[in-house]
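Below you'll find the structure, written out as structure tokens, and then a few comments.
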Amino acid sequence: MTDPGDTPPTVFVLFGASGDLAARLVLPAFFRLAQEELLPPQWQLIGSGRRKLSDDDFRAHVHEKLTEFGPKPDDGPWEEFASRLHFASDGFSVDDPGRLVEKVEQAEQELGDGDPSSVQRVHYLGVPPTAFGPTTEALGAHGLAERSRVVYEKPFGTSLESFRKLDEAVHQVYDESFVYRIDHFLGKEATQQLRALRFANGLFGSSWDRHHVASVQIDVPETLDVADRAEFYDETGAVLDMLVTHLFQVAAEIAMEPPATLSSDDIAQARADAVKAFRPLATSDVIRGQFDGYRDIDAVAEDSDTETFVAARMYVDTDRWRDVPFLMRTGKKMAESHQKVSLIMRDPEGGPYCAPGDTGNPECADIPQRGNVIRFDLSGDGELGISMNIELPGSQSELTTQWTTIPLHDVHGGDPLPPYVRLIHDILLGDRTLFTRPDGLEDVWEAAGAALDGSAELHSYEPGSWGPREALQLAEPVGWTLGDQ
Ligand SMILES: NC(=O)C1=CN([C@@H]2O[C@H](COP(=O)(O)OP(=O)(O)OC[C@H]3O[C@@H](n4cnc5c(N)ncnc54)[C@H](OP(=O)(O)O)[C@@H]3O)[C@@H](O)[C@H]2O)C=CC1
Ligand SMILES: O=C1O[C@H](COP(=O)(O)O)[C@@H](O)[C@H](O)[C@H]1O
């Protein structure tokens with residue numbers, strides 16, 4: 001991580017500071033950054049909300065949430081951290097800025113060492129998506145957009161139309177270079193490894209195409225329920241919550257052509273170009289599912305047809321990936337929780353070994369199915385894995401599949417960080433590499449095709465299963481590498 005020592009004094013405004021995202025992800029990330037000494041030398045955080053809270057009330061709230069979600073305040077430096085927390089009550093809108101403008105001015109007087117205009121502002125919109133537009137407009141109207149970066153949570157739009165409307169509203173106030181749209185899967189440690197493994201290793205870079213890869217799988221089953229956020233979930237569903245956001249961005253990281261450099265512009269451009277090449281999903285390429293019992297949850301409509309599961313088979317229309325299925329799957333209340341990205345390598349041809357059932361050479365010896373896989377585990381600190389077919393040591397002549405793994409927390413000298421810690425650090429330093437751009441997002445809606453247009457049938461599935469049976473057929477002939485293939 002880059003030393004933040006040169007970062008100017010910073011006022012960080014957290015809209016939605018009393019909400020769930022702030023409690024579970026943003027405030028813990030801030031505290032971790034303080035622990036790692038990765039915050040600017042001079043900073044203050046102002047929570048913003050419609051309720052009335054004093055600074056001390058807010059500090060008590062943050063203490064309670066850190067105690068619940070970690071890192072624990074007792075691990076320090078809590079007192080120092082708490083002294084930099086403030087709260088601006090009474091909301092923030094074009095008509096009424098509440099207490100926010102005066103709180104920001106006060107912070108800038110304290111931080112600016114006689115020059116408040118030397119203080120940079122970061123506005124983090126941890127509010128419901130419907131509040132993105134009005135809050136941005138209010139930032140412009142009350143002069144708080146000056147000297148600032150603005151951060152949007154996902155989803156940034158729920159359709160092409162709402163995306164364009166929001167994008168226009170944001171650009172009325174902000175130049176694109178100051179806008180940071182979060183997709184936290186891009187901030188995961190193992191996602192960074194996709195680029196490193198491929199572009200820094202000739203062995204893998206030369207295999208990264210349709211000649212060597214039979215199928216790409218981005219598999220994110222979750223055992224998680226939705227009962228504690230049912231209202232949000234019933235309006236959103238798995239396609240918007242996960243598929244066209246996180247899974248598509250990871251697919252773009254895999255599918256991208258080599259960027260000219262590692263600059264943030266080149267990488268974001270490569271990712272955006274990859275999304276542009278996604279072929280719109282056809283109805284036969286999408287399986288939507290809903291777990292049995294979903295409609296009995298409070299706050300879920302009795303006749304809800306929101307999907308809690310989606311599997312999709314996408315093709316990327318570039319010469320590199322022609323005819324290689326990108327299989328994506330995610331759902332709630334499934335059998336197991338994983339976040340695994342796998343490149344399943346093609347079986348060898350023309351030699352003494354071949355795939356089971358290969359009729360070309362009746363003499364050849366069978367190799368294990370899906371024996372050669374490059375895998376990225378995005379969960380937790382992340383892990384890389386490669387499976388190979390090797391000769392079983394001993395007297396018998398037999399192949400077996402063996403995995404070799406690199407858990408990222410074991411890498412000597414490394415210090416894996418949770419995605420929100422990494423992303424907030426990048427925002428403070430002005431590095432936009434891991435954030436989405438409007439050109440990349442606009443094409444997402446086109447690619448979503450049948451996943452969003454309502455043409456894909458809704459199947460039911462048993463809680464604790466791997467989803468509807470139909471999703472298994474989607475992955476044939478290679479099959480999913482997880483679960484009951
Ligand atoms: N929770 C999560 O795990 C994740 C959330 N997100 C995204 O983060 C954002 C916030 O999510 P979450 O914290 O769960 O949501 P919440 O419903 O908890 O809302 C956050 C806060 O925003 C304020 N708020 C609510 N409605 C409005 C409004 N109309 N205008 C202004 N402020 C409002 C409320 O504070 P007050 O009443 O004090 O004003 C509330 O506490 C959303 O965009 C969500 O999609 C993204 C990934 C994960
Ligand atoms: O954004 C979201 O992501 C989580 C899964 O990601 P994790 O890294 O927090 O495990 C998902 O459960 C949630 O539904 C979705 O909104």
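As the structure lists them, so they are numbered: ligands from 1, and atoms in each ligand from 1.
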Quick one: ligand 1 N/O to protein N/O pairs below 3.5 Å?
| unit_1 | atom_1 | unit_2 | atom_2 | d |
| --- | --- | --- | --- | --- |
| ligand 1 | 1 (N) | D20 | OD2 | 2.7 |
| ligand 1 | 3 (O) | R24 | NH2 | 2.4 |
| ligand 1 | 13 (O) | D20 | N | 3.1 |
| ligand 1 | 13 (O) | L21 | N | 2.8 |
| ligand 1 | 18 (O) | D20 | N | 3.2 |
| ligand 1 | 24 (N) | R50 | NH2 | 3.4 |
| ligand 1 | 26 (N) | R50 | NH2 | 3.3 |
| ligand 1 | 35 (O) | S18 | OG | 3.3 |
| ligand 1 | 37 (O) | R50 | NH2 | 3.2 |
| ligand 1 | 37 (O) | R51 | NH2 | 3.4 |
| ligand 1 | 38 (O) | S18 | OG | 3.1 |
| ligand 1 | 38 (O) | R50 | N | 3.3 |
| ligand 1 | 38 (O) | R51 | NE | 3.1 |
| ligand 1 | 39 (O) | R50 | N | 2.9 |
| ligand 1 | 39 (O) | R50 | NE | 2.9 |
| ligand 1 | 41 (O) | S18 | OG | 3.1 |
| ligand 1 | 41 (O) | G19 | N | 3.4 |
| ligand 1 | 43 (O) | V127 | O | 2.8 |
| ligand 1 | 45 (O) | K154 | O | 3.0 |

Can you say whether the rings of F15 and H123 are parallel (under 30°), tilted (30 to 60°) or perpendicular (over 60°)?
-> tilted
So, for Y420 and H184, is the gap between ring centers shorter than 6.0 Å?
-> yes
Below 6.0 angstrom between ring centroids: does that apply to F92 and H142?
-> yes
Applying side-chain contact (heavy atoms from CB on, under 4.5 Å) to T433 and not counting sequence neighbours gives R195, S264, I267, D431
Parallel, tilted or perpendicular: which describes the rings of Y124 and F12, with under 30° parallel and over 60° perpendicular?
-> tilted
Geometric class of the W43/F81 ring pair [parallel <30°, tilted 30-60°, perpendicular >60°] | tilted
Apply ring pair (Phe, Tyr, Trp, His ring centres under 6.0 Å) to the pair Y152 and F156, showing each step before the final yes or no.
-> CA-CA 7 Å; Y152 296 94; F156 194 84; 5.4 Å; yes
The single option from W445, Y315, F326, F248 that satisfies ring pair (Phe, Tyr, Trp, His ring centres under 6.0 Å) with F278 is F248
Under the ring-ring contact (aromatic ring centres under 6.0 Å, His included) test, which residues partner F204, sequence neighbours left out?
-> none
Please tabulate protein-ligand N/O pairs under 3.5 Å for ligand 2, atom names and distances to 0.1 Å.
| unit_1 | atom_1 | unit_2 | atom_2 | d |
| --- | --- | --- | --- | --- |
| ligand 2 | 1 (O) | K154 | NZ | 2.8 |
| ligand 2 | 1 (O) | H246 | NE2 | 2.8 |
| ligand 2 | 6 (O) | H184 | NE2 | 3.3 |
| ligand 2 | 8 (O) | H184 | NE2 | 3.0 |
| ligand 2 | 8 (O) | K188 | NZ | 2.6 |
| ligand 2 | 10 (O) | Q339 | NE2 | 3.2 |
| ligand 2 | 12 (O) | E222 | OE1 | 3.4 |
| ligand 2 | 12 (O) | E222 | OE2 | 2.7 |
| ligand 2 | 12 (O) | K332 | NZ | 3.1 |
| ligand 2 | 14 (O) | R229 | NH1 | 2.9 |
| ligand 2 | 14 (O) | D241 | OD2 | 2.6 |
| ligand 2 | 14 (O) | K332 | NZ | 2.7 |
| ligand 2 | 16 (O) | K154 | NZ | 3.1 |
| ligand 2 | 16 (O) | R229 | NH2 | 3.1 |
| ligand 2 | 16 (O) | D241 | OD1 | 2.6 |
| ligand 2 | 16 (O) | D241 | OD2 | 3.4 |

